[in-house]
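Here the structure is laid out as structure tokens; the discussion comes afterwards.
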Amino acid sequence: MLANGFLRSPLSTTSLINMYSKCNQMDDAVSTFNYQSFDHNVFAYNAVIAGFIANGLGRDGFEFYRRMRFAGVVPDKFTFPCVIRGCSGVLELRKIHGLVVKFGLELDVYVGSALVNTYLKLGLMEEAQEVFDELPVRDVVLWNAMVNGFAQIGLLEEALAVFSMMGEEGVVPSRFTVTGVLSIFAVMGGFDNGRAVHGFVTKMGYDSGVEVLNALIDMYGKCKCVGDALKIFEMMVEKDIYSWNSIIAVHEHCGDHDGTLRLFDRMLKAGVLPDLVTITTVLPVCARLAALMHGREIHGYMIKNGLEKDVNVDDVQITNAVMDMYAKCGSMRNAYMVFNKMRNKDVASWNIMIMGYGMHGYGSKALDVFSDMCKVQMKLDEVTFVGVLSACSHTGLVREGREFLRQMKSKYGVVPTIEHYTCVVDMLGRAGHLEEAYQLVLEMPIETNPVLWRALLAACRLHGNQDIAEVAAHKVIELDPGHCGNYVLMSNLYVVNGQYDEVVEVRHSMSQQNVKKIPGCSWIELKDGVHAFITGDRAHPKANFIYAELDSLTARLGELGYVPHF
DNA sequence: TTAGGGTTAG
């Protein structure tokens, strides 16, 4: 391909390297470079380094920089911005920064903004600020590096302070500034400011760019202005994966499950391939709705379109989302099939299986998965033990549960948190060991919380233990006076014991605290869609039929000796 | 001949 001498000049070599780099063909770029062995100038080196960095191969770019230095070629102001962008660690970056100073390039604004950018990505704001302060010329790109860099590491106030300084210096914000600032208002919920930015965007004609419009969709969505977000989305001529993901997330965020799934369907029909973000937004909606059919359809689509790979970290996350959906929708058989096929399982994959089995009452299966997990020497984490302990709780494996809590730290190296204690209190409580549960609460080495006391209170109600119930109820109401469940539990307990004056008192303190009971709601997915039911509501078209069926079921349960708890 | 910013989930 490189025969005869017409590509001999360094000029052609560099252009060819650039061409290969742009096509993601770094092997060919390097071959081209090596072919021209007699005159490797700084241009050719810069082209190869830039190619590696642009293709996400920072390490190789770095190695090539070393080769350049070894060959005695002096780097220039074009070399460093690339090398800096390829730095992945603090030490590496500081070393390169030293070289920048050594070659007298620290006042170059291109080098400077690369430094600011990379320092902030690594969370080193003081170093970034220092570089920024030293630079004699500050253009809009440099300001953006500061504003967006601060925003990305969550220093929103600082980012806005820099943004206003930028305005005071008379620097006009660019499209890049706008996207960054919109993401800040999205998080802070600064709707008025966000709308002002929208006005500026229109004035400057920035609304022709897809990135700016995506950021606007996100901002309006997070500020709960679904209508505005949707208006922008529908008007967009060119929609990319960010546009779809953002508008889907907007609907998911405001609890519009149907809207989320409809938009996802539209996305597929528009021929846009979903990615990790899409899947991890949409699948939990199916799990929440227990909409197994929808979830299965999405999984089917993923298999058909090669999205169910098993190669990198993203793939593992996507597959975990699929498994979690199956587990939460109650189909452990499907969850296991997916799990079994995975070659690269991470700790979350195992945890999902343990949680799923435990949640559906297959405690011993959950413990089998746990023991397999130990056998393959997978690192256990806190979630693992929440799964294991709640499995013990739901299946009544009291002895095992006690033992796990006791050995968590010593044998498995995971320190028990409040969640673990809550699982065990719940477990002991359900099994009727109320004194032991109460003792555990009193003796545990960490602070209690309302969830823990509520678990104990629920157990007291189940087994009619008035004394511990009173303690737990007072604790729970003291720590979380706004939660309606506490009052309901307490009131039910008094009803069981016939203490009607106390029931009135509980009702009274509820109204004093302005606590209202949120009606219970459940739903089921059938062929024609999701049917929702709220406590006491008769809005469903077939309500009469359904309630008649329920009455007959209740009657049959009664005949078989079931006595309901109230 | 060659360089430095952006938006989405949890």
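A note on names: the letters A, B, ... follow the listed sequences, proteins ahead of strands, and every chain is numbered from 1. Worth saying up front: this structure is predicted, and the values here are computed from it rather than measured.
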For [X], answer base if it contacts any base atom (sugar-phosphate contacts may also be present), sugar-phosphate if it contacts only those atoms, and nothing otherwise; contact means non-hydrogen atoms under 4.0 Å.
{"X": "A:V42", "answer": "nothing"}
{"X": "A:D275", "answer": "nothing"}
{"X": "A:V212", "answer": "base"}
{"X": "A:L276", "answer": "base"}
{"X": "A:Q317", "answer": "base"}
{"X": "A:A249", "answer": "sugar-phosphate"}

May I ask you to check whether [X] and [Y] place their ring centers less than 6.0 Å from one another?
{"X": "A:F233", "Y": "A:W244", "result": "yes"}
{"X": "A:F163", "Y": "A:W143", "result": "no"}
{"X": "A:F33", "Y": "A:Y45", "result": "yes"}

Practice prompt. Report the nucleotide, chosen from B:dG5, B:dT8, B:dG10, that has the shortest atom-to-atom distance to any side-chain atom of A:F176.
Written response: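 The listed nucleotide nearest to A:F176's side chain is B:dG5.
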Worksheet item: B:dT1, B:dG4, B:dT7: which one has an atom nearest the side-chain heavy atoms of A:E211?
Response: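 Nearest nucleotide to the side chain: B:dT7.
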Item to complete: Report yes if a side-chain nitrogen or oxygen of A:R175 is closer than 4.0 Å to either non-bridging phosphate oxygen (OP1 or OP2) of B:dT7; otherwise report no.
Response: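 Result: no.
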Worksheet entry | Distance test, side-chain N/O of A:R85 to OP1/OP2 of B:dG4, below 4.0 Å |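 So the side chain of A:R85 is within the cut-off, an N or O lying under 4.0 Å from OP1 or OP2 of B:dG4.
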Worksheet entry | Donor-acceptor pair under 3.5 Å, A:T280 side chain vs B:dA9 base |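 Under the 3.5 Å cut-off, the side chain and the base do form a donor-acceptor pair.
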Discussion item. Regarding B:dG4, can its base be found pairing with the side chain of A:N144 as donor and acceptor, where the two atoms are less than 3.5 Å apart?
Written reply: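 Counting by modelled atom types and ignoring angles, no donor-acceptor contact under 3.5 Å is found here.
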Worksheet item: Got a salt bridge between A:R66 and A:E63, using NZ or NE/NH1/NH2 to carboxylate O under 4.0 Å?
Response: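 Salt bridge between A:R66 and A:E63, a charged N being under 4.0 Å from a carboxylate O: yes.
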